[in-house]
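If you're wondering where the values come from, they're calculated on a predicted model, not measured in any experiment. In what follows, chains are A, B, ... by sequence order, proteins preceding strands, each numbered from 1.
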Amino acid sequence: MSSHLLKKGYEPKKVERRWYAYWEKEGLFSGEDVSDKEPFSIVIPPPNVTGVLHMGHAHNNTLQDILCRYRRMQGCNVLWMPGTDHAGIATQNVVEKRLAKEGKSRQSLGREEFIKRVWEWREEYGGLIIKQLKRLGASCDWDRERFTMDGGLSKAVRTVFVRLYEEGLIYRGNYIINWCPRCQTALSDLEVEHEDHNGHLYYIRYPFQKGNGGIVVATTRPETMLGDTAVAVNPNDKRYGGLDGKTVILPLMNRSIPIIFDDYVDMSFGTGALKITPAHDPHDFEIGQRRNLDVVKVIGGDGRMNEQAGRFQGKDRFECREQVLEALRDEGLLEKVEPYQHSVGHCYRCRTTVEPYLSRQWFVRVKPLAEEAIAAVRTGATRIIPDTWTRTYYEWMNNIRDWCISRQIWWGHRIPAWTCENCHELTVAIDPPTVCHACKGTALVQETDVLDTWFSSALWPFSTMGWPEDTDTLKTFYPTSVMVTGFDILFFWVARMMMMGLHFMKEVPFRDVYIHALVRDAEGKKMSKSRGNVIDPLYVIDEFGTDAFRFTLAAFAAQGRDIKLSEDRIEGYRHFINKLWNASRFSLMNLSDFEPDETGQDARDLSLADRWILSRLNGVVEIVTKSLDEYRFNDAASAVYQFVWHEFCDWYLEIIKPVLYGPETLSSPYVTTRFTLWSALNETLRLLHPFIPFITEEIWDKLPGTQGSIMKAEFPFPSKARDDREAEEAMKVLIGVVSGIRNIRGEMNVAPSLSVDAIVHSPDKDVRELVERHRDMILNLCRLKGLEVTPPDERPASSATSVFGGCTIFVPLKGVIDFELEQGRLNKEIAKISKELDGIGKKLSNEDFLKKAPQDVVDKVRERGERLAEKRTRLHEHLDKVSHLD
RNA sequence: AGGCACGUAGCUCAGGGGGAGAGCGCUACCCUGACACGGUAGAAGUCACGAGUUCAAAUCUCGUCGUGCCUACCA
């Protein structure tokens, strides 16, 4: 028997590198475009090219990998489509920062040169996160790696744009959009993050043009008053009756502006008078449209006041606010200032306060698209899991507003629209047109804006598969099986993929959407760089190994609850990996010369323990399979953890040691035990592989009788035929007896080195025979020197007692028994039983319970009551004896 | 302002109408020939609070309190 098969400690680093390279080399991650096998596909939520792997990615991709490896082993044709996202604003920011270090700007380079630099940057650094995903063990089909700016995907983007335009679902127009003065681009509503802000409500008097007095308006943004073109009041507001047709003088600007009546105005807010700035507020804009008001833009794209702002021109908008207030104070027009909390929008990329800004932009009319997307979930074509998110999805889809898709940046898909310099008509086309569609003129100038990055992301499930070509990949793998993602991009991405998928593929992009939780720090706070509480996944992998990390993530991935992660918790699961390693090491030591074929399968005469462990294994396989099918990763992980540690290691391995250590290697028990050990380990490894791919492959490789990668082995499947209730029931009895004896030893302070005797009384002949037949096992597990099994008989003198099932267990402790200790032990047990019996008694004496509860429940309670009562009686008897000298 | 989720052992969380569970931590003993990243045994909970439904509630309903998150065009 040799012990060099596995090293004493598991060394993840080398193992991980070796096996990942092997898997890649052997092409084990490849999906087949044409295959008879059942397809299973996932498209990866593409990380930003600028990204580095964070906990969110690690969690997200671990779950996807578990699913992919699971399905692959089940015989599916699996495609896990990988790739990255060009992340327009983020990437542009990164490259601009680098340029700044060289003393350059994107403007100084020019558009074309700048784009070239971005591509160069991408070549050099863009692959970082892909490498990191590989360290996680991600089994993506890397040969298919996509990038949202690739030629094929760009073609898909242009195709979609043109078709939507032609269908009237894309339009261009002047509207108030969210503008980031730092990024100098429009943002969609979703890209604005609202935060509560402790500001002020300023009350400003606008004097009447004629006569004395004036009207007081309230605003949080006094600088916008420079662009006011009206003051509105509610027509029902008695305070302002008779002001119709009156005008006021706009302070500081000395413009005369009308007082108008509009239902929109809330009488109860402020003074009931609302200043109207159509160019800088979405509602004001609407009112302005309705009432044909002038539009005066006073803030420029850079966040500074423009030439319309009079003497404030050139000032930053916030600086201007202070100066406007100062000026109003000087003129005595600032009536009062109140502290006021309101929410302020910030750019999700750079945190700059967003400016509502009137400009010409491109929009998608999403309502019609959203209707299809709502219906798809309602009919169950796509399931959202957990179900609670369905409501959120509907809520958002029902209230959806048009999507601003144009961005005034350079990095991205340039909008395929050309303006004719001659007739100013737009020509929209997939490929650059040579003539204007209207006047046939040839002087065409392309739109300079690019598309929102999410526009191309929305096409990801089919653009990555070759659309608009009609490819085999699409035929085989679309719709994808499941989208695994966090709720933070449910709207940004999932909803939009639904809309685009349905519209262009006429089919949902995915059957299931599994929404997982966020990974937080140990205190439940969101991990963020500024907070300094991030745990770097790569550090974790280096420190604890990928498998321990993955298993932790799976074990904590309960639906609907965020994961609070700390190093301690990962360390705990490293112990599990180590346990598996050592159990395997032990097994391999005893299987070194084992050949599965040499054991006649039919001739096997399995021991009770053998039958038990195989039956239990079947039970775990059932739980794992069912749990993974329902995306309950934590249930799967804890079931397998429980089995490996507390059944396979704690009981099975301990039970079989004497057989393996014994001299009789030709005996039937030796042969069958080795066979069972081998099959159980073999199956357990396959069961564990999706969660912890590296260590299982390493052990698999060393396990006799296995061929090729474990990735190609079959995932275990549960079978009724393998359920062995009889063996499980019998083992329950033996485990109970062993635990009873151990309990006595432990509580009575019997030194572990001391061998004692035990006596088991049972009125049940079958139980006696069972215990008798496994006396060696019990002797060994309890360190006994003798075991006697008899029908209930005279109670052995000077002994401690334990009652389990029908058995009464005695451990004679002549001379060493501490009567007080024993009494305490018995009393405690009796008290526990009595308390339970009280409850049961109450139930059984309740007429209604007996009448209305289902019969099987009544029977069960009654039976349990009898059992407990009997047990208590026996304990009482012993307590009596122990109390009256022994 | 609305909406959603969550309050179960010291900590992190499963469970979801009929016997309160796990992991970590804790206590005692043990380096027994896979593993001290280990073994054996043990202690520990008014299942947030209050009502209701029910023969029966940690579990279902309503309310209260607390904690998180999301949405929103409250000047």
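Ring orientation note: the planes of A/Tyr202 and A/His200 are tilted relative to one another, at an angle of 30° to 60°.
Put simply, the side chain of A/Thr219 gets close to the backbone of A/Arg221: a donor and an acceptor are under 3.5 Å apart. Using a distance-only test at 3.5 Å, with no hydrogens or angles considered, no donor-acceptor pair links the side chain of A/Arg205 to the main chain of A/Val216. Between the side chain of A/Asp635 and the main chain of A/Ser627, no donor-acceptor pair closer than 3.5 Å is present. With A/Glu822 contributing its side chain and A/Thr801 its backbone, the two residues share a donor-acceptor pair below 3.5 Å.
When ring centroids are compared, A/Tyr514 and A/Phe633 come within the 6.0 Å threshold. Taking the six-membered ring for Trp, A/Tyr240 and A/Phe261 have ring centres at least 6.0 Å apart.
Of the candidates B/C24, B/U32, B/C55, the closest approach to any side-chain atom of A/Arg783 belongs to B/U32. The side chain of A/Leu653 lies closest to B/A34 when the candidates are B/U12, B/A34, B/G18. For A/Phe586, taking side-chain heavy atoms from C-beta onward, the closest of the listed nucleotides B/A34, B/A75, B/C55 is B/A34. The listed nucleotides are B/G42, B/A34, B/A75; the one nearest the side chain of A/Asp266 is B/A75. Of the candidates B/G42, B/C11, B/C55, the closest approach to any side-chain atom of A/Asn743 belongs to B/G42. Of the candidates B/C35, B/G18, B/C70, B/C35 carries the atom nearest the A/Arg585 side chain, counting heavy atoms from C-beta on. Relative to the side chain of A/Glu654, the nucleotides B/A75, B/C69, B/C35 differ in distance, and B/C35 lies closest.
Put simply, NZ on A/Lys842 is 11 Å from P on B/A57, counting in whole angstrom units. Between A/Glu395 atom CD and B/A1 atom C1' the separation is 13 Å, expressed in whole Å. Between A/Asp488 atom CG and B/C4 atom C1' the separation is 16 Å, expressed in whole Å. As rounded to whole Å, 15 Å separates atom P of B/A34 from atom CG of A/Leu681. As rounded to whole Å, 15 Å separates atom P of B/C35 from atom CD1 of A/Ile699. Protein atom CG of A/Asn399 is 18 Å distant from nucleotide atom P of B/C70, rounded to whole Å. Note: CG (A/Leu565) to C1' (B/C11) measures 14 Å, nearest angstrom.
Under 4.0 angstrom from either OP1 or OP2 of B/C13 there lies at least one side-chain N or O belonging to A/Lys564. Between A/Arg864 and the phosphate of B/G19, there is a side-chain N or O to OP1/OP2 separation shorter than 4.0 Å. Of the side-chain N and O atoms in A/His575, one or more sit less than 4.0 angstrom from OP1 or OP2 of B/G38. For A/Arg391 and B/C4, the shortest distance from a side-chain N or O to OP1 or OP2 is below 4.0 Å.
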Using a 3.5 Å limit on both pairing distances, list the dot-bracket string of RNA chain B from the 5' end; Watson-Crick and G-U wobble pairs count, crossing pairs take [ ], interstrand pairs take |. ((((((((.[[[[.)..(..]]]].(((((.......))))).....[[[[[..)....]]]]])))))))....
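B/G42 sits 24 Å from B/G33 when the P atoms are compared, rounded to a whole Å.
With rounding to the nearest 0.5 Å, the separation of NZ in A/Lys275 from CG in A/Asp228 is 3.5 Å.
Where stacking is scored as ring centres under 5.5 Å apart with planes under 30°, A/Tyr661 registers as stacked on the base of B/G33.
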